[in-house]
2 protein chains.
Amino acid sequence: MEEPAGLNGELLLRPVRGGNSFEETVQRLLQTVRLGLVGPGERLPAERELAGMLAVSRDTVREAIASLSDAGYLVSRRGRYGGTFVSEVLPTHLPGTDQEDALAPTRNLSPEVIEDTLTLREILEVGGARHAAGRALTPSERELLWLSLVEANEATDEEYRRLDSRFHLMVGELAGSASLTPLIADVRMRVNELLDNIPSLGPNIAHSNTQHEQIAIAILTGRPDAAAQAMTEHLAGTALLLRGFLE
Amino acid sequence: MEEPAGLNGELLLRPVRGGNSFEETVQRLLQTVRLGLVGPGERLPAERELAGMLAVSRDTVREAIASLSDAGYLVSRRGRYGGTFVSEVLPTHLPGTDQEDALAPTRNLSPEVIEDTLTLREILEVGGARHAAGRALTPSERELLWLSLVEANEATDEEYRRLDSRFHLMVGELAGSASLTPLIADVRMRVNELLDNIPSLGPNIAHSNTQHEQIAIAILTGRPDAAAQAMTEHLAGTALLLRGFLE
DNA sequence: ATCTAATGGTCGGAAAGCGCACCATTTGAC
DNA sequence: GTCAAATGGTGCGCTTTCCGACCATTAGAT
C-alpha cells in the first residue's frame with residue numbers, strides 16, 4: 001500500500017524549530033546587526049524590552065548578548081543612559097581562520113542548498129519588487145527608498161554589504177506584506193553566508209549601484225514589470241558569482 | 001537622536017517562536033492533515049519517528065497527538081501494525097459554533113492581516129509557478145503534477161479544499177526550492193483559516209479546475225510567463241472573494 | 001500455542017527556559 | 001551634593017521540555 005506519493009507528509013514534518021531559544025535569539029540579534037538594521041555605535045532596546053519583543057526570557061536574551069559581546073559584536077554599558085550597543089568596528093568574517101565560530105552554524109554548501117537559496121531569493125525579492133511597484137507609496141516611503149539607495153551608493157567597501165542589505169530589505173518592506181520582510185531577511189542572511197565563502201567579491205559595486213537605481217526608479221514610477229526585471233537582472237549577477245565559485 | 005528610520009530593528013526583533021514546542025507541534029500536525037499531505041485513514045509515522053522529524057521530544061509529540069485525538073483529527077491504535085491514523089471523517093470547521101477551538105489560535109481578521117496574507121500568497125505561489133515552468137522537470141514530476149490536478153478535478157465539495165491545497169503545494173514543490181514548500185504551506189493555512197470565516201464558498205469549483213489546468217499545462221510546456229499569469233488570475237478569484245467578505 | 005517485532009503507554013530524573021524580585025551602577029536633574 | 005530614573009547584573013523557584021528506560025498490547029510468522 002503506497003502513498004499517492006510525491007507529496008508525502010515528510011514535507012511538513014520538518015523540525016518545528018531551528019534550535020533552542022538561546023541559539024535562535026543569537027541568530028536574530030546577529031541578523032539585526034549584520035543586515036544593518038542597527039548600525040555600528042547604535043543602541044539596541046533594553047534587555048527587558050528585547051525579551052518582550054523576542055518573546056523570550058530576559059535570561060536568554062542576556063546569554064545571547066553575552067555570546068555576541070564575547071564575539072565582539074556588542075558592548076554593554078550599565079547605568080542610566082547605558083544599554084547594549086553595536087560595536088563601532090564589527091568583527092570581520094573570514095573563512096580561512098580556523099576559529100571555532102559558534103555563531104555561524106556550519107551551513108551546508110552543497111549545490112542543492114545553493115540553488116535552493118538562490119531560487120527562494122529570486123522568488124521573494126523579485127515578487128517583492130513587483131508588488132512594491134504596484135502599490136501606492138506614501139511620500140515618506142518614497143523618501144526612505146531613495147535614502148537607502150543613496151546610502152548604499154556612498155558606501156565604502158567595508159560597509160557595502162550592510163547597506164546593500166538595507167536597500168534590499170527596504171524594497172521588500174515596501175511590498176506591503178509585513179510577513180515578507182522576515183523571509184527576505186532570512187534568505188538574505190543565507191546569501192551573505194554564501195558570499196562569505198568566496199574570495200574578494202565586490203568588483204561590481206558600481207554596476208550594482210546602477211542596478212539599484214534602476215530598481216528604485218521602476219518602483220517609484222510604478223512600473224511593476226520593469227521593477228521585477230531590474231531586480232531579476234540584479235540578482236542574476238550574484239547568482240552567477242556564487243554558482244561559479246561554489247558549485 | 002533619531003534613527004535613519006523607516007527600517008529600524010523592530011522588523012527583525014520579532015518573536016523568535018510562535019509558541020511553545022507543544023503548540024507548534026500541534027499546528028504542524030494539523031497542517032499535515034488539513035493540507036491533505038496525509039489523507040483520511042492514512043497512517044502517520046510512529047511517535048518515535050515523528051519526534052525525530054520534528055526535532056522534539058516524544059513526550060511533546062504524544063501530548064500533541066492526544067490533543068488532536070480529543071479534537072477528532074487523529075486516532076491511535078497500539079500494537080504491531082498499529083500507529084496513529086488520520087480520522088476517516090475529519091471534524092468540520094464551522095465558525096458559528098461557540099466551541100472553544102483551542103487548536104485554531106484566534107487569528108486576526110483585520111484588513112491589514114488579510115492584505116498581508118494575500119500579498120504574500122501571490123508572491124510565493126506566482127513565483128513558484130514561474131520557476132516550476134522554467135525548470136527541467138523529470139517525467140516523474142510531470143506525472144505527479146498531472147495526478148494531483150486530476151485528483152482535485154474529481155474531488156467532491158467536502159474534500160475539495162484538501163485536494164486543492166495539495167495541487168498548489170505540488171506546484172510549489174516543483175519550483176525546485178525545498179525551503180519554499182513550508183512557506184507556501186504556512187500561507188495556505190492562513191488562507192484556509194480566512195476561508196473558514198466566510199459562508200458557503202465553492203461556487204466556482206468548475207472555474208477553479210479550469211484554471212488549475214491552465215497552470216499545469218503552462219508548467220508542463222515550459223512557459224514561465226504563462227504559468228505566472230495563470231496563477232495570478234487564479235489567485236485573484238480567491239482574493240476578490242476574501243476582500244469582499246472580510247473587509 | 002508461542003515467539004517476535006513494532007507499536008503506543010508510563011515513569012523518573014536532568015536540563016532548559018521562564019518569571020519575578022532584588023541588587024549595583026551610572027548619569028542627568030535639581 | 002543628593003536624588004531619581006533607567007539600565008545591566010544576580011539569585012531563586014517553578015514549569016516545560018527533554019531523554020532514556022521500561023511496560024503493555026497487538027498481529028503476523030513460526
Side-chain angles (χ1 to χ4, degrees), chain A residues 1 9 13 15-29 32 38 41-87 102 105, chain B residues 1 9 13-29 32-33 38 41-87 102 105:
Chain A
M1 172 155 110
L13 299 178
V16 293
R17 44 188 53 175
N20 54 33
S21 284
F22 164 71
E23 288 167 1
E24 291 200 25
T25 303
V26 169
Q27 290 306 318
R28 193 62 60 80
L29 294 177
T32 305
V38 178
E42 294 181 354
R43 216 196 84 170
L44 269 62
E47 290 177 355
R48 292 168 176 82
E49 287 178 52
L50 276 180
M53 294 176 182
L54 300 174
V56 115
S57 81
R58 202 183 144 206
D59 287 345
T60 304
V61 170
R62 284 183 52 71
E63 286 175 31
I65 289 177
S67 292
L68 292 172
S69 296
D70 288 344
Y73 288 93
L74 301 178
V75 177
S76 290
R77 289 201 299 271
R78 78 157 100 185
R80 193 178 187 182
Y81 296 90
T84 304
F85 299 80
V86 176
S87 301
Chain B
M1 176 154 112
L13 298 178
R14 63 192 192 285
V16 292
R17 42 189 54 173
N20 53 32
S21 284
F22 165 72
E23 287 168 1
E24 290 198 26
T25 303
V26 169
Q27 291 306 318
R28 194 62 60 81
L29 294 177
T32 305
V33 174
V38 178
E42 294 180 355
R43 213 197 86 170
L44 269 62
E47 291 177 354
R48 292 169 176 80
E49 287 179 51
L50 276 180
M53 295 176 181
L54 300 174
V56 119
S57 82
R58 200 182 147 209
D59 299 76
T60 305
V61 169
R62 283 183 52 71
E63 286 176 32
I65 290 178
S67 292
L68 291 171
S69 296
D70 289 344
Y73 287 93
L74 301 177
V75 178
S76 290
R77 288 201 299 274
R78 76 157 100 180
R80 192 177 188 180
Y81 296 87
T84 305
F85 300 81
V86 176
S87 300

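Chain letters run A, B, ... following the sequence lines, proteins first, then strands; residues in each count from 1. All heavy atoms count here, side chains included; hydrogens, waters and symmetry mates do not.
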Interatomic distance where CG belongs to B/L50 and P belongs to C/dA6 [whole Å]: 17 Å
Could you state the OH-P distance from A/Y81 to D/dG8, rounded to the nearest angstrom? 14 Å
Per atom distances to the B/T84 side chain, the nearest of D/dG28, C/dG8, C/dC18 is C/dG8
Whole Å only: how far is the CG atom of B/N20 from the C1' atom of C/dG19? 15 Å
When we call it a touch if two heavy atoms are under 4.0 Å apart, what does A/R62 touch: a base, just sugar-phosphate, or nothing? base
State whether A/R58 places a side-chain N or O below 4.0 Å from either non-bridging phosphate oxygen (OP1 or OP2) of C/dG17. no
d(CD, B/E63; P, D/dC19) in whole Å: 14 Å
Under 3.5 Å donor-acceptor pair, B/R48 side-chain atoms to D/dG20 base atoms: no
In the structure I gave you, are the side-chain heavy atoms of A/S67 and A/Y73 within less than 4.5 Å of one another anywhere? no
Non-hydrogen side-chain atoms of B/P15 and A/L54 separated by less than 4.5 Å: no
Need one value for A/R77: base, sugar-phosphate or nothing, where a base atom within 4.0 Å counts as base even if backbone is also close, heavy atoms only. sugar-phosphate
Would you classify B/D59 as touching base, sugar-phosphate or nothing, given that sugar-phosphate means primed atoms plus P, OP1 and OP2, and contacts are heavy atoms under 4.0 Å? base
Of the candidate nucleotides D/dT7, C/dC18, D/dC18, which contains the atom at the shortest distance from the side chain of A/R78? D/dT7
C/dA16 phosphate, OP1 or OP2, under 4.0 Å from A/T60 side-chain N/O: no
Selected nucleotide, minimal atom distance to B/F22 side chain, candidates C/dG8, D/dG8, D/dT17: D/dT17
From CG of A/L74 across to P of D/dG9 the rounded distance in Å is 12 Å
Side chains of B/R17 and A/S21 in contact at under 4.5 Å (non-hydrogen atoms): yes
Looking at B/S76, does any N or O in its side chain come under 4.0 Å of the phosphate oxygens OP1/OP2 on C/dT7? no
To the nearest angstrom, how far is A/E49 atom CD from D/dA5 atom C1'? 14 Å
Expressed as a whole number of angstroms, how long is the span from B/E47:CD to D/dG20:C1'? 15 Å
So, do A/L44 and A/L29 sit near enough that their side-chain heavy atoms are less than 4.5 Å apart? yes
Taking side chain as C-beta onward, heavy atoms only, is A/L50 less than 4.5 Å from A/I65? yes
Looking only at C/dT26, C/dG8, D/dG9, the nucleotide nearest the A/R80 side chain is C/dT26
Whole-Å gap separating P (D/dT17) and CG (B/L54): 14 Å
